[in-house]
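Handing you a structure now.
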Amino acid sequence: MTLEVTNLSCGYDGQMIIHDVSLSVPDGGFATILGSNNAGKSTLINCISGIVPASGGSIVFDGVDITHMAPHRRVGLGVVQVPEGRQLFAGMTVMDNILMGAVGVQRAKAQSSEADIDRVLEIFPRLRDRRQQVAGSLSGGEQQMLAMARGLMSRPRLLMLDEPSLGLAPLIVESIFQTMSVLNDEGVSILLVEQNLTLSLQYAATGFVLDRGEVAVEGSSEALQASDETRRAYLGI
Ligand SMILES: Nc1ncnc2c1ncn2[C@@H]1O[C@H](COP(=O)(O)OP(=O)(O)O)[C@@H](O)[C@H]1O
Ligand SMILES: [Mg+2]
């Protein structure tokens with residue numbers, strides 16, 4: 001098991017948002033966290049990446065308890081997040097944004113980062129053509145690709161993506177999902193936060209529907225797709 005979250009609780013300033021959440025992503029798995037706006041999806045993966053501290057429960061990655069580990073050390077283990085809203089350095093070039101992804105990688109030696117850049121630009125050829133362009137001037141889809149490219153520089157073993165499809169045209173969304181699928185085929189475990197229920201369940205093997213900070217429904221994508229309960233929980237009814 002790559003990621004094992006058990007009875008996790010967390011929130012902000014004493015206000016609990018995530019209550020007793022348990023979920024797992026198997027080695028090389030593709031799981032999705034679904035839920036309506038404000039369900040707590042971002043809070044949950046921010047807690048897994050260490051941005052939001054855990055108040056209870058545990059997070060174990062590859063047998064290592066990372067519940068209270070500093071965020072950069074989690075990145076060092078391969079737990080990498082592509083944040084909601086992309087969070088690029090808008091005034092910096094595409095290449096400099098990509099390089100920022102390698103800064104925290106303690107495992108990487110200077111010479112191997114060349115190979116990492118090549119690989120990332122192979123995955124996103126559009127970024128190669130725009131290497132020297134300022135990130136803020138990219139289209140929404142290109143910005144999402146750049147956010148993913150930056151994340152890949154950290155050599156993820158578990159890649160967590162927070163609503164990568166938000167605000168993008170259907171064709172670009174499809175290509176973003178296909179890229180996740182390619183990475184997954186290469187052995188990267190994926191934990192995808194999405195509001196796009198149909199597409200997520202099409203690509204992911206398993207899903208967790210979050211409702212007001214709790215897992216309301218979980219199961220295989222096939223089961224979730226077919227279930228009325230999913231839609232009810234998802235819509236918050
Ligand atoms: N930084 C923060 N400080 C205080 N409350 C927050 C913060 N971020 C999110 N929240 C609250 O946590 C709840 C869940 O938000 P969030 O995790 O962003 O949900 P989702 O990603 O599912 O839309 C919301 O009520 C939101 O207002
Ligand atoms: Mg969110």
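Every number for a ligand or one of its atoms is a count from 1 in the order of the listing.
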Q: Assess Gly11 for proximity to ligand 1: is some non-hydrogen atom of it under 4.0 Å away?
A: no
Q: Give a yes or no answer on whether the side chain of Arg74 reaches the backbone of Ile66 with a donor-acceptor pair at less than 3.5 Å.
A: yes
Q. Judged by modelled atom types alone, do Tyr203 and Thr32 share a side-chain donor-acceptor pair under 3.5 Å?
A. no
Q) What closest approach, in Å, do Ser165 and Val173 show between heavy atoms, and which atom pair accounts for it? A) CB-CG1, 3.7 Å
Q: Among all protein heavy atoms, pick out the one at the shortest distance from atom 16 (P) of ligand 1; state its residue, atom name and that distance to 0.1 Å.
A: Thr43 OG1, 3.7 Å
**Q.** Where ligand 1 meets Asn37 - atom numbers and elements under 4.0 angstrom, heavy-atom basis
**A.** 23 (O)
**Q.** Met145 side chain reached by Arg130 side chain, heavy atoms, under 4.5 Å
**A.** no
Q. For atom 1 (N) of ligand 1, what's the nearest protein heavy atom and its distance?
A. Tyr12 CE2, 3.6 Å
Q.
Just so I know, are the side chains of Arg86 and Leu146 near enough to count as touching, which here means a heavy-atom distance under 4.5 Å?
A. no
Q.
When you measure from the heavy atoms of Ala39 to every atom of ligand 1, does any distance fall below 4.0 Å?
A. yes
Q) Considering only protein heavy atoms, which is closest to atom 19 (O) of ligand 1, and at what distance to one decimal place? A) Gly40 N, 3.2 Å
Q. Going by the atom numbers of ligand 1, which of them fall below 4.0 Å from some non-hydrogen atom of Ser36?
A. 22 (O)
(Q) Quick check on contacts: which atoms of ligand 1 are under 4.0 angstrom from a heavy atom of Ile17? (A) 12 (O), 13 (C), 14 (C)
**Q.** Any Leu210 side-chain heavy atom under 4.5 Å of Val215 side chain
**A.** yes
Q: Looking only at distances, please establish whether an N/O atom of ligand 1 is found under 3.5 Å from an N/O atom of Ser42.
A: yes
Q.
Could you tell me if the side chain of Lys41 sits less than 4.5 Å from the side chain of Glu84, heavy atoms only?
A. no
(Q) Within the structure provided, determine whether Leu44 and Val193 are in side-chain contact (heavy-atom separation under 4.5 Å). (A) no
Q. Among Asn38, Val52, Leu44, Val193, which one has a heavy atom closest to atom 14 (C) of ligand 1?
A. Asn38
**Q.** N/O/S from Ser42 sitting under 2.8 Å away from the Mg ion (ligand 2)
**A.** yes
